[in-house]
Protein chains: 2
Amino acid sequence: MARYRVGIETRERILSATRRLLSEGGIEGVTLKAITAQANVGAGSFYNLFDSKEEAVFEVVRGAIEAVDPDPEGAGTDTLADLVDAFVTFMTDSSPIARIYLQLAVGRGLTDRTIAERVIRSHQRRVERFADAWQREDTSLTPAEATRRAQVMLAALTGLGLSALLDERFDMREHARELLPDVPAASTGR
Amino acid sequence: MARYRVGIETRERILSATRRLLSEGGIEGVTLKAITAQANVGAGSFYNLFDSKEEAVFEVVRGAIEAVDPDPEGAGTDTLADLVDAFVTFMTDSSPIARIYLQLAVGRGLTDRTIAERVIRSHQRRVERFADAWQREDTSLTPAEATRRAQVMLAALTGLGLSALLDERFDMREHARELLPDVPAASTGR
DNA sequence: TCCATATTGGAGTATACGCTACAGTTCTGG
DNA sequence: CCAGAACTGTAGCGTATACTCCAATATGGA
């Protein structure tokens, strides 16, 4: 089912509309009606290009996550600080989309097996990247230990991100800094 | 509008039904129809006793959280380990209800101001309890530092809990132990 | 040019759900 | 025992939603 050019363009238009609605009105504002109105497209056209509304939403969220990746090529050159920074940036700068991400991961992931697996997989990939970076910085670490630490660190980041999204006065970057192994000043115990 | 005895009993019946449905079918299974059928009650009776479906759900979740509180009297005798343990127990043992809690906190909290404030408040209370316990165990800590640590610790616990709920193979208790300040030489088993 | 295939719009479908109106029944304090 | 308040069940209202159907039209490779 090769696409014609117009179809591809319409697809882009739909994704833009979805992204915009997601950013401005949260996940609640994204109804099929809203998307098709915003994109100037009929419902039939939408379903000619997407299998479901969720597919469009996922696509947008995926794009937002990729946009802050410090090493999109997978060259293995990212540091722990880079990765933490990327996570914090995603949570604070693209906060409307980060909200959606958490709402999907938690709200739907805890209910829907398929989504849960999707979330777990992407989470594990992230854990691996954190663990790799950690080992690159502290070569004395065993892989198992690095993974364990990465897991706890990502959990903490997720929790901090949640706090930040719920309470905008919460300074996520400040707290996230403490998670890094060697803090320049104020040595935090571990 | 003082309640009659029958009304109070009906209320209990509705809460039991809600709790049961919540545990067995998750938040999706809890429709008004399901509740009223399970409780042998008409919709009219339900709304005579509750303002909304949510009220009943909140009530059930609140009860489940209180049930694992290591110091329900607020005597100030709970240790950090107690608090962590209670959190882990809530997440793992009452996992269906913990799921609901997170779904409400995240799914609705990120959308609905009222719910967000509710969640933030209860979160702050928990942070304070963790910080107090931490100070009791390490009297050299300043209140600000204790709070900061408590915040990060709770964030990590929340994140770990999320992992545990998404992936049942994830051993939350194991990871949570690492968060405590002084690990007494990795003693396995409990 | 031809024509198989892709695209389009939007009215219409199916359905689910929270909640209410209301008339009849039960409760309970005095 | 009785008056007024609380309680009860049923029927159905109102609304919102994702998605389908299909006839008409556009596209672009041969």
Side-chain angles (χ1 to χ4, degrees), chain A residues 1-22 24-61 100 103-104 107-109 111-112 114-115 118, chain B residues 1-22 24-61 100 103-104 107-108 111-112 114-115:
Chain A
M1 207 219 234
R3 309 244 87 123
Y4 286 168
R5 209 197 56 248
V6 281
I8 292 171
E9 284 167 3
T10 304
R11 201 185 142 88
E12 297 297 331
R13 209 139 30 87
I14 289 174
L15 287 175
S16 291
T18 307
R19 182 162 33 242
R20 180 169 179 175
L21 287 166
L22 235 28
E24 292 179 355
I27 207 167
E28 311 245 284
V30 181
T31 63
L32 211 64
K33 223 175 184 172
I35 294 177
T36 53
Q38 180 78 221
N40 264 311
V41 151
S45 310
F46 182 96
Y47 283 96
N48 177 43
L49 296 162
F50 295 89
D51 284 341
S52 67
K53 190 188 76 168
E54 277 198 339
E55 202 185 305
V57 174
F58 280 143
E59 183 71 25
V60 167
V61 173
I100 312 302
Q103 284 178 338
L104 286 179
R108 302 288 324 278
T111 292
D112 185 327
T114 316
I115 300 201
R118 209 162 163 162
Chain B
M1 208 219 234
R3 309 247 84 121
Y4 286 168
R5 211 196 55 248
V6 282
I8 293 170
E9 283 167 4
T10 304
R11 200 186 144 87
E12 297 298 330
R13 211 141 27 88
I14 289 174
L15 287 174
S16 290
T18 306
R19 183 163 33 240
R20 181 169 178 175
L21 287 166
L22 235 29
E24 292 177 356
I27 208 167
E28 310 248 283
V30 181
T31 63
L32 211 65
K33 224 175 184 171
I35 294 177
T36 52
Q38 181 76 221
N40 264 311
V41 151
S45 310
F46 183 96
Y47 282 95
N48 178 43
L49 296 162
F50 295 89
D51 285 340
S52 68
K53 192 188 75 166
E54 277 198 339
E55 201 185 305
V57 173
F58 279 143
E59 183 72 26
V60 167
V61 173
I100 313 300
Q103 284 178 338
L104 286 179
R108 302 288 324 281
T111 291
D112 184 326
T114 316
I115 301 199

Find the distance [X]:[atom1] to [N]:[atom2] and express it as a whole number of Å.
X: A/Ile35; N: C/dG10; atom1: CD1; atom2: C1'; value: 16 Å
X: B/Arg3; N: C/dT28; atom1: CZ; atom2: C1'; value: 15 Å
X: B/Ile27; N: C/dG18; atom1: CD1; atom2: P; value: 11 Å

If you count every heavy atom of other residues, nucleotides or ligands that lies below 6.0 Å from B/Glu55 atom CD, does the total exceed 12?
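Result for CD/B/Glu55: enclosed.
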
If you count every heavy atom of other residues, nucleotides or ligands that lies below 6.0 Å from A/Arg13 atom CZ, does the total exceed 12?
yes

Between B/Ile14 and B/Phe46, which heavy-atom pair has the shortest distance, and what is it?
CG2-CE1, 3.5 Å

Might you point out which heavy atoms bring A/Val41 and A/Thr10 nearest each other, and give the distance in Å?
CG2-CG2, 3.7 Å

Let me have a per-nucleotide readout for nucleotides 18-24 of chain D, 5' to 3', with B, S or -, counting only protein heavy atoms under 4.0 Å.
SBBB---

For A/Glu59, give me all partners under side-chain hydrogen bond (donor to acceptor under 3.5 Å, both in side chains), at least two apart in sequence or on another chain.
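Result, side-chain hydrogen bond (donor to acceptor under 3.5 Å, both in side chains) vs A/Glu59: A/Arg62.
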
Only counting residues at least two apart or in another chain, list the ones meeting ring-ring contact (aromatic ring centres under 6.0 Å, His included) with B/Phe58.
none

Checking B/Glu24 now: which residues fulfil salt bridge (Lys or Arg N to Asp or Glu O under 4.0 Å) with it, not counting sequence neighbours?
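Scan of B/Glu24 (salt bridge (Lys or Arg N to Asp or Glu O under 4.0 Å), adjacent residues dropped) gives B/Arg20.
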
What residues form a salt bridge (Lys or Arg N to Asp or Glu O under 4.0 Å) with A/Glu9, not counting sequence neighbours?
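A/Glu9 satisfies salt bridge (Lys or Arg N to Asp or Glu O under 4.0 Å) with A/Arg5 only.
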
OP1, OP2 of D/dA6 versus side-chain N and O of B/Asn48: anything below 4.0 Å?
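Answer no for this pair, as no side-chain N or O of B/Asn48 is under 4.0 Å from OP1 or OP2.
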
Those residues of residues 5-20 of chain A lying under 4.0 Å from DNA chain C by at least one heavy atom:
A/Val6, A/Gly7, A/Thr10

Look at the side chain of B/Tyr4 and the base of C/dT26, then say whether one donor and one acceptor between them are separated by less than 3.5 Å.
no

Which comes earlier along DNA chain C counting from the 5' end, the contact point of A/Asn40 or that of B/Glu28, where each point is its nearest nucleotide?
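In this pair, the answer is A/Asn40.
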
